[in-house]
**Student:** 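Attaching a single structure in structure tokens format; questions to follow.
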Protein chains: 2
Amino acid sequence: MEQKEQGAPARRYNPEQTRAVILDAAEQLFAEHGYEGASIRDIASLASFRLGMITYHFGTKEELFRQVIARRADDYVSATATSLDAAVSRADGAPGTEAVIRAYLQPAIELSARGGAGWKNYLQLLARAMNTRQHEAFLEPVLRTYDPLVRKIVAVFRLSRPEMDEAQLHWAFYFLQAAFIHILVEAGIVDRHSHGLCRSSDLDAILDEMVPFFAAGFDRLARHAPAAAASRR
Amino acid sequence: MEQKEQGAPARRYNPEQTRAVILDAAEQLFAEHGYEGASIRDIASLASFRLGMITYHFGTKEELFRQVIARRADDYVSATATSLDAAVSRADGAPGTEAVIRAYLQPAIELSARGGAGWKNYLQLLARAMNTRQHEAFLEPVLRTYDPLVRKIVAVFRLSRPEMDEAQLHWAFYFLQAAFIHILVEAGIVDRHSHGLCRSSDLDAILDEMVPFFAAGFDRLARHAPAAAASRR
DNA sequence: GTCTATAATGAGATAGAC
DNA sequence: GTCTATCTCATTATAGAC
């Protein structure tokens with residue numbers, strides 16, 4: 001007469017689907033609570049599977065995390081690469097800085113805003129992971145997945161601003177990337193401080209504001225003397 | 001003949017010092033591994049005390065975290081407030097945007113770069129905590145400690161740019177704050193991508209680059225039509 | 001492939017000797 | 001105030017029935 005309280009035992013899915021359902025749940029909880037803050041038990045429970053299923057399909061928690069990252073990495077990389085290539089060819093090889101910034105930001109914003117909950121979670125979890133040092137040792141090789149894309153982005157910025165020296169270009173891109181990392185998390189601080197006038201969830205508005213804002217920064221660094229560092233020696 | 005491997009049993013300190021030593025260790029491990037990733041056992045061990053000492057002086061892990069935040073909050077707030085006030089009075093009430101940005105960033109950079117390891121850990125841990133949503137429920141009230149300071153910062157930016165409308169001002173400040181949050185973590189991505197040309201640990205150089213970069217962004221947003229949002233309706 | 005059961009460990013917290 | 005010992009629970013991981 002006792003009710004099993006565990007929901008249907010789930011013969012609903014084929015293995016592919018099972019893996020996908022688990023990855024979705026992992027994506028969500030890693031995004032919400034971070035790697036250490038999310039337990040594989042909670043992930044299994046959210047996915048309506050037993051704990052053993054995670055072991056069977058993924059082995060360890062680290063491997064589960066790796067596969068969460070890996071599942072969407074190629075899609076994100078190729079979407080951004082395509083966007084950058086389009087900006088370059090549209091401008092015959094010398095794209096404006098605003099166009100490059102937009103080409104870099106827009107795919108992630110598109111996916112986060114309209115790609116479904118999975119993509120939003122994915123980008124938030126990626127942003128959280130990037131906001132740490134390599135103390136979570138196993139994270140670093142995972143994040144290096146994105147290094148080739150970053151090299152491409154920097155190369156396109158270099159096309160756009162051939163007069164900037166390397167350090168200036170890297171600083172400018174760093175500032176853009178740093179801001180974007182926090183923005184993708186949608187932590188809500190701007191909502192609170194602007195009393196709702198600006199919403200961190202309104203990624204479309206943010207894109208429109210970021211493009212001129214950061215392009216002006218690139219312009220400004222391109223103009224100023226690259227001698228700042230010397231003054232401290 | 002067995003050696004106690006626990007180090008000296010520490011009658012070395014008075015209670016004030018004991019609390020300080022524990023807070024230092026907590027600060028370090030929370031900064032390195034995040035709230036969930038750091039255990040109070042490891043914190044006790046790093047501080048060379050027994051676990052019971054943390055309970056005795058702080059009660060729960062949450063309370064320990066709160067007191068880590070609280071210990072330096074007033075110093076940080078007043079350093080930044082003083083810096084902002086100085087910028088305002090230096091300019092007779094109408095400070096330039098570069099001056100305001102520098103006044104906002106400089107105290108934190110000063111403390112992180114030359115305030116000792118504790119301050120660096122503190123600011124990294126704060127930055128990590130700000131890069132989450134309120135899923136870690138108890139975090140939110142802790143972070144609200146800084147709301148009055150943020151209101152002051154925004155007010156000074158408003159003095160600097162009275163022609164900007166509220167939304168533009170908040171967006172611009174959000175971008176600056178977002179970038180700063182990641183930068184304080186010193187995650188090292190710019191080091192890797194620039195092959196060491198730019199170092200995320202070189203906060204002095206970063207300050208010098210950020211000031212003109214972000215001031216140009218403020219200038220740019222102040223110029224453009226505040227009608228962007230309307231185009232999407 | 002899916003689930004149960006359980007091992008093995010580590011966690012936060014508490015009681016109480018000294 | 002400091003430390004030992006222990007409780008209780010949650011965690012990752014494994015073994016094995018079905």
Side-chain angles (χ1 to χ4, degrees), chain A residues 2-26 28-30 32-68 135-139, chain B residues 2-26 29-30 32-68 135-139 142:
Chain A
E2 290 140 306
Q3 278 280 84
K4 282 267 182 95
E5 53 176 349
Q6 336 243 43
R11 190 63 25 85
R12 304 159 279 177
Y13 303 122
N14 65 37
E16 289 289 283
Q17 289 172 319
T18 295
R19 289 175 52 89
V21 168
I22 291 172
L23 287 172
D24 288 345
Q28 179 182 330
L29 294 185
F30 285 145
E32 289 177 0
H33 305 293
Y35 176 74
E36 345 263 349
S39 77
I40 55 175
R41 303 183 97 89
D42 287 348
I43 291 167
S45 159
L46 179 62
S48 298
F49 282 100
R50 309 285 158 262
L51 178 60
M53 286 269 47
I54 291 189
T55 296
Y56 177 76
H57 284 286
F58 300 96
T60 67
K61 185 184 183 184
E62 288 194 3
E63 185 58 25
L64 173 62
F65 186 87
R66 271 189 213 99
Q67 296 203 27
V68 167
H135 292 113
E136 292 78 6
F138 86 99
L139 260 186
Chain B
E2 289 139 305
Q3 278 279 79
K4 281 265 179 96
E5 52 178 350
Q6 335 243 43
R11 189 63 24 85
R12 304 160 279 176
Y13 303 122
N14 65 36
E16 288 290 281
Q17 290 173 318
T18 296
R19 288 173 53 88
V21 169
I22 291 171
L23 287 173
D24 287 345
L29 294 185
F30 284 145
E32 289 178 359
H33 306 294
Y35 177 74
E36 345 264 347
S39 77
I40 54 175
R41 304 182 100 91
D42 288 348
I43 290 167
S45 159
L46 179 61
S48 296
F49 282 101
R50 309 285 157 260
L51 178 60
M53 287 270 43
I54 291 189
T55 297
Y56 177 75
H57 284 286
F58 300 96
T60 66
K61 184 183 183 184
E62 288 194 3
E63 186 56 26
L64 173 62
F65 186 86
R66 272 189 212 98
Q67 297 203 27
V68 167
H135 292 114
E136 293 78 5
F138 87 98
L139 260 186
V142 177

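Below, chains carry the letters A, B, ... as their sequence lines are ordered, and counting in each starts from 1. Just so it is clear, the structure is predicted and the values come from calculations on it, not from any experiment.
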**Student:** Starting from C1' on C/dT14, measure out to CZ on B/F58 and report it in whole angstrom.
**Tutor:** 18 Å
**Student:** To the nearest angstrom, how far is B/L51 atom CG from C/dG10 atom C1'?
**Tutor:** 12 Å
**Student:** Please confirm whether the shortest side-chain N or O distance from A/T18 to OP1 or OP2 of C/dT2 is below 4.0 Å.
**Tutor:**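 Yes, because at least one side-chain N or O of A/T18 sits under 4.0 Å from OP1 or OP2 of C/dT2.
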**Student:** Starting at CG of A/L46, measure out to CD1 of A/I22 and round the result to the nearest 0.5 Å.
**Tutor:**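 If we round to the nearest 0.5 Å, A/L46:CG and A/I22:CD1 are 11.0 Å apart.
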**Student:** Are the side chain of A/Q28 and the backbone N or O of A/A25 linked by a donor-acceptor pair below 3.5 Å?
**Tutor:**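 Side chain of A/Q28 to backbone of A/A25: no pair is present.
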**Student:** Using OP1 and OP2 only, check whether a side-chain N or O of A/R50 sits under 4.0 Å from C/dT2.
**Tutor:** no
**Student:** Which whole-number value in Å describes the distance from A/I54 CD1 to C/dC3 P?
**Tutor:** 12 Å
**Student:** Is there a side-chain polar atom (N or O) of A/Y56 under 4.0 Å from OP1 or OP2 of C/dG1?
**Tutor:** yes
**Student:** Separation of B/R41 atom CZ from D/dC7 atom P, in whole Å?
**Tutor:** 14 Å
**Student:** Check the distance between C/dG1's P and A/Y13's OH and give it to me in whole angstrom.
**Tutor:**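 Between P of C/dG1 and OH of A/Y13: 17 Å.
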**Student:** State the CD1-OG1 distance between A/I54 and A/T60, to the nearest 0.5 angstrom.
**Tutor:**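 Those atoms lie 11.0 Å apart.
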**Student:** Would you tell me if any nitrogen or oxygen in the side chain of B/T55 comes within less than 4.0 Å of OP1 or OP2 on C/dG12?
**Tutor:** no
**Student:** How long is the span from the CZ atom in B/R19 to the OH atom in B/Y13, to the nearest 0.5 Å?
**Tutor:**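 The distance works out to 15.5 Å.
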**Student:** Name the nucleic acid region contacted by A/S39, choosing base, sugar-phosphate or nothing; use a 4.0 angstrom heavy-atom cut-off, strictly under.
**Tutor:** sugar-phosphate
**Student:** Measure from CE on B/M53 to P on C/dA13 and round the result to the nearest Å.
**Tutor:** 16 Å
**Student:** Are the aromatic rings of A/F49 and A/Y56 close, with centres under 6.0 Å apart?
**Tutor:** no
**Student:** Take A/I40 and B/P15, find for each the nucleotide of DNA chain D with the closest heavy atom, and name the residue whose nucleotide sits nearer the 5' end.
**Tutor:** B/P15
**Student:** Rounded to whole Å, how long is the line connecting atom CD of B/E16 with atom P of D/dT2?
**Tutor:** 11 Å
**Student:** What is the distance, rounded to the nearest whole Å, between atom CZ of A/F49 and atom P of C/dC3?
**Tutor:** 6 Å
